[in-house]
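The structure follows.
We're numbering straight along the sequence, starting at 1.
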Amino acid sequence: MDALFIGHAYIDVTMRAERMPSGDQKALARDYAVSFGGNAVTAGFACAKLGHPVDLLTTLAPDWLGHMFMDMAHTYGIDVHPRRVARSSLSFVWPNDGKRAILRARDDTYLQGVPRLDISETRLLHIDGHMADAALHYAKGARARGALVSLDGGALRPCIEELTGYVDVAVVAEKLCEQMSMSELDMLGWLKSKGCRIGGVTTGEKGMLWYDEQGEISQMPSLSVPHELIVDTSGAGDVFHGAYCASYLERPDAPWREHFEFARAASAHKIQHLGNEAGLPSPDDVAAALAAFAPADALSPV
């Protein structure tokens, strides 16, 4: 396998509506989407859509949602290595004015141990901290074999501190900074101390504070997508991770600034579409976003 992604799978039901009903009310949604979900899972689908073979170690249940997930994976040519659970996990997502509310039901009681996979030919491993025992096992193995290990640090999860010691590229969320009582700069320093060659903290529409191969810290602004084009920001960060993984697989010797610039354009495409699947970019979609939208700090003052 060339690229292995490890994380927890969801089926996402995304509803676009003017308001959420409460009490005994009813409301009519303007649109909806049903797609795969989960941090590393969505990243894996994005990487596959961008033209790279992907293996996915994830949860799978013997129910109709599990069958739906396998059909989705088959459509994108993804090889799924299941870790059995009793019930599929489900998310309801409500995009609202550039934000999104999420209600989840998750089964993370695993019915088997960590599946053993041959990663001797793997060039990239991407993990999100879910399924911590599997993430740590394969991060150690990938590091020992010289594969690139990438981490989506979306939140404080079990073994995150030990896990980060085996990571080459760590891009974490503001939420992790808050949970660990660190500023963004403190977090970058902590990632450096753990041995991460590349580190970043994503801050939504403000972009990402990160350090490069030489340890130089800089701000990478997001692309300025007009507000009226933004439909659904959920999954944008996951697409960002999947896209920089794809860029690395395509051009492993390119500077990481170029991988991240490619990834932010992929995210700019995603937020214009409802649901994860509709928002997966092709290489042409990424090129179109790069051509259409300027970085926020490059815009001329009004």
Are any non-hydrogen side-chain atoms of L176 and V201 less than 4.5 angstrom apart?
-> no
Results of salt bridge (charged side-chain N to carboxylate O under 4.0 Å, His left out) for R16 - residues two or more places apart only = none
Hydrophobic cluster identity match, L124 and L163, side-chain contacts under 4.5 Å |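 No, L124 and L163 fall in different hydrophobic clusters.
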Under 4.5 Å side-chain linkage, directly or through intermediates, the cluster mates of I271 = L223, V225, L229, I230, F293
Examine L156 and L188 and state if one hydrophobic cluster contains both, with Ile, Leu, Val, Met, Phe, Trp and Tyr joined whenever side-chain heavy atoms are less than 4.5 Å apart.
->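 Yes, L156 and L188 fall within the same hydrophobic cluster.
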Under the 3.5 angstrom rule, does the side chain of T164 hit a backbone N or O of I160 as a donor-acceptor pair?
-> yes
Short side-chain to backbone donor-acceptor contact, D63 and G66, under 3.5 Å =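 Checking the backbone N and O of G66 against the side chain of D63, a donor-acceptor pair under 3.5 Å is found.
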Side chain Y138, main chain L117, donor-acceptor under 3.5 Å | yes
Classify the side-chain pair D12/T14 by whether it contains a donor and acceptor separated by less than 3.5 Å.
->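 No.
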Shortest non-hydrogen contact from S218 toward R257 | OG-NH2, 3.1 Å
Please test V41 against F5 for side-chain contact (heavy atoms from CB on, under 4.5 Å), starting from the C-alpha separation and ending with a verdict.
-> CA-CA 7 Å; V41 168; F5 291 71; over 6 Å; no
Between R143 and V149, the two heavy atoms sitting closest are N-CG2, 4.1 Å
E121 atom CD, neighbour heavy-atom count above 12 within 6.0 Å |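 Incorrect, the count does not exceed 12.
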Salt bridge (charged side-chain N to carboxylate O under 4.0 Å, His left out) against K206, all qualifying residues, sequence neighbours excluded |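 Applying salt bridge (charged side-chain N to carboxylate O under 4.0 Å, His left out) to K206 gives E174.
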Output every pair passing ring-ring contact (aromatic ring centres under 6.0 Å, His included) with a member in residues 164-203, not counting sequence neighbours, ordered by first then second residue.
-> none
Is the centre of the W64 ring less than 6.0 Å from the centre of the H67 ring?
-> no
Please answer whether the main-chain N or O of D152 pairs with a side-chain N or O of D128 as donor and acceptor at a distance below 3.5 Å.
->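 No, the answer is negative, given that no donor and acceptor are paired below the 3.5 Å cut-off.
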One should read off an interatomic distance between M15 CE and Y32 OH, to the nearest 0.5 angstrom, of 8.5 Å
Between S89 and D107, is there a donor-acceptor pair closer than 3.5 Å when you use the side chain of the first and the backbone of the second?
->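 Judged by distance alone, yes, a pair lies under 3.5 Å.
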Minimum-distance pair of heavy atoms, taken over all atoms of S183 and C177 |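 In this case the closest contact between S183 and C177 is O-SG, 4.2 Å.
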Yes or no on side-chain contact (heavy atoms from CB on, under 4.5 Å) for R264 and M208, after CA distance, side-chain angles and deciding distance?
-> CA-CA 10 Å; R264 75 173 173 181; M208 179 176 71; over 6 Å; no
Does any non-hydrogen side-chain atom of M1 lie less than 4.5 Å from one of D79?
->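 Not touching, per the 4.5 Å side-chain cut-off.
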For R197, what residues pass the salt bridge (charged side-chain N to carboxylate O under 4.0 Å, His left out) criterion, not counting sequence neighbours?
->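 Partners of R197 by the salt bridge (charged side-chain N to carboxylate O under 4.0 Å, His left out) criterion, ordered by chain and then number, come out as D168.
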Separation between CD1 of I11 and CG of L90, rounded to the nearest 0.5 Å | 8.0 Å
Main-chain N/O of A9 paired to T58 side chain as donor or acceptor, under 3.5 Å = yes
Gap separating the CG atom of N276 from the CE atom of M72, nearest 0.5 angstrom | 9.5 Å
Connected to L274, directly or through other members, by ILVMFWY side-chain contacts below 4.5 Å are V231
Tell me, please, which residues at least two apart from D285 pass side chain to side chain contact (heavy atoms under 4.5 Å, CB included).
->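 Checked D285 against side chain to side chain contact (heavy atoms under 4.5 Å, CB included); matches are H269, P281, S282.
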How are the rings of H259 and Y248 set relative to one another: parallel (under 30°), tilted (30 to 60°) or perpendicular (over 60°)?
->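 The rings of H259 and Y248 stand perpendicular, inter-plane angle above 60°.
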Quick one: does H52's side chain have a donor or acceptor within less than 3.5 Å of a partner on A246's backbone?
-> yes
Mind checking whether F36 and V80 sit in one hydrophobic cluster, side chains of I, L, V, M, F, W, Y counted as touching below 4.5 Å?
-> yes
What is the minimum heavy-atom distance between G154 and A173, and which atoms define it?
->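 Scanning both residues completely, I find the closest heavy atoms to be O-CB, 3.7 Å.
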Which pair of heavy atoms, one from S88 and one from A61, lies closest together, and at what distance?
->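 Looking at all heavy atoms of both residues, the closest pair is N-CB, 3.3 Å.
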Would a hydrophobic clustering, with Ile, Leu, Val, Met, Phe, Trp and Tyr connected at side-chain separations under 4.5 Å, put Y10 with L56?
-> no
Sequence-distant partners of Y244, side-chain hydrogen bond (donor to acceptor under 3.5 Å, both in side chains), two or more places apart | S150, H241
L60 versus M70: any side-chain heavy-atom pair under 4.5 Å?
-> yes
Not counting sequence neighbours, which residues clear salt bridge (charged side-chain N to carboxylate O under 4.0 Å, His left out) with D2? List them please.
-> R123
Quick check: does any side chain N or O of Q179 sit under 3.5 Å from a backbone N or O of A155, one acting as donor and the other as acceptor?
-> no
Please lay out, stage by stage, how M220 and E261 fare under the test side-chain contact (heavy atoms from CB on, under 4.5 Å).
-> CA-CA 8 Å; M220 178 174 287; E261 288 173 346; 3.8 Å; yes
With rounding to the nearest 0.5 Å, note down the distance linking NE2 in H137 to CZ in R116.
->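 If we round to the nearest 0.5 Å, H137:NE2 and R116:CZ are 4.0 Å apart.
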Mark yes or no for whether D55, through its side chain, and L4, through its backbone, hold a donor-acceptor pair below 3.5 Å.
->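 No: the side chain of D55 does not pair with the backbone of L4.
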Once you round to the nearest 0.5 Å, how far does CG of L50 lie from CG of D284?
-> 10.5 Å
When rounded to the nearest 0.5 angstrom, what distance separates OG in S91 from CZ in R100?
->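 Here the interatomic distance stands at 10.5 Å.
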Grab the two heavy atoms, one from A29 and one from A17, that are nearest each other, plus how far apart they are.
->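 Scanning both residues, the minimum pair turns out to be CA-CB, 4.0 Å.
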Test side-chain contact (heavy atoms from CB on, under 4.5 Å) applied to K270 and D232, step by step = CA-CA 8 Å; K270 196 279 151 212; D232 176 18; 3.3 Å; yes
Do L280 and M68 belong together in a cluster built from hydrophobic side chains that touch within less than 4.5 Å?
-> yes
Sub-3.5 Å donor-acceptor pair from the side chain of K49 to the main-chain atoms of Y76, do we have one?
-> no
Could you give all pairs that pass the ring-ring contact (aromatic ring centres under 6.0 Å, His included) test and reach residues 197-228, with sequence neighbours left out?
->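 Checked against ring-ring contact (aromatic ring centres under 6.0 Å, His included) - neighbours excluded - the pairs reaching residues 197-228 are W210-F260.
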Connected-component partners of V93 among ILVMFWY, side-chain separation under 4.5 Å |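 Members alongside V93: I102.
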Check: L148 and V169 side chains under 4.5 Å, non-hydrogen atoms =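 Side-chain contact under 4.5 Å: yes.
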In terms of heavy-atom contacts, does CZ of R87 have more than 12 from other residues, nucleotides or ligands at under 6.0 Å?
->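 No, because the 6.0 Å sphere around CZ of R87 holds 12 heavy atoms or fewer from other groups.
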Please check if atom CD in E216 has more than 12 non-hydrogen atoms from other residues, nucleotides or ligands closer than 6.0 Å.
-> no
Excluding sequence neighbours, so at least two apart, what forms side chain to side chain contact (heavy atoms under 4.5 Å, CB included) with Y110?
-> H8, T59, R83, V85, D108, M131
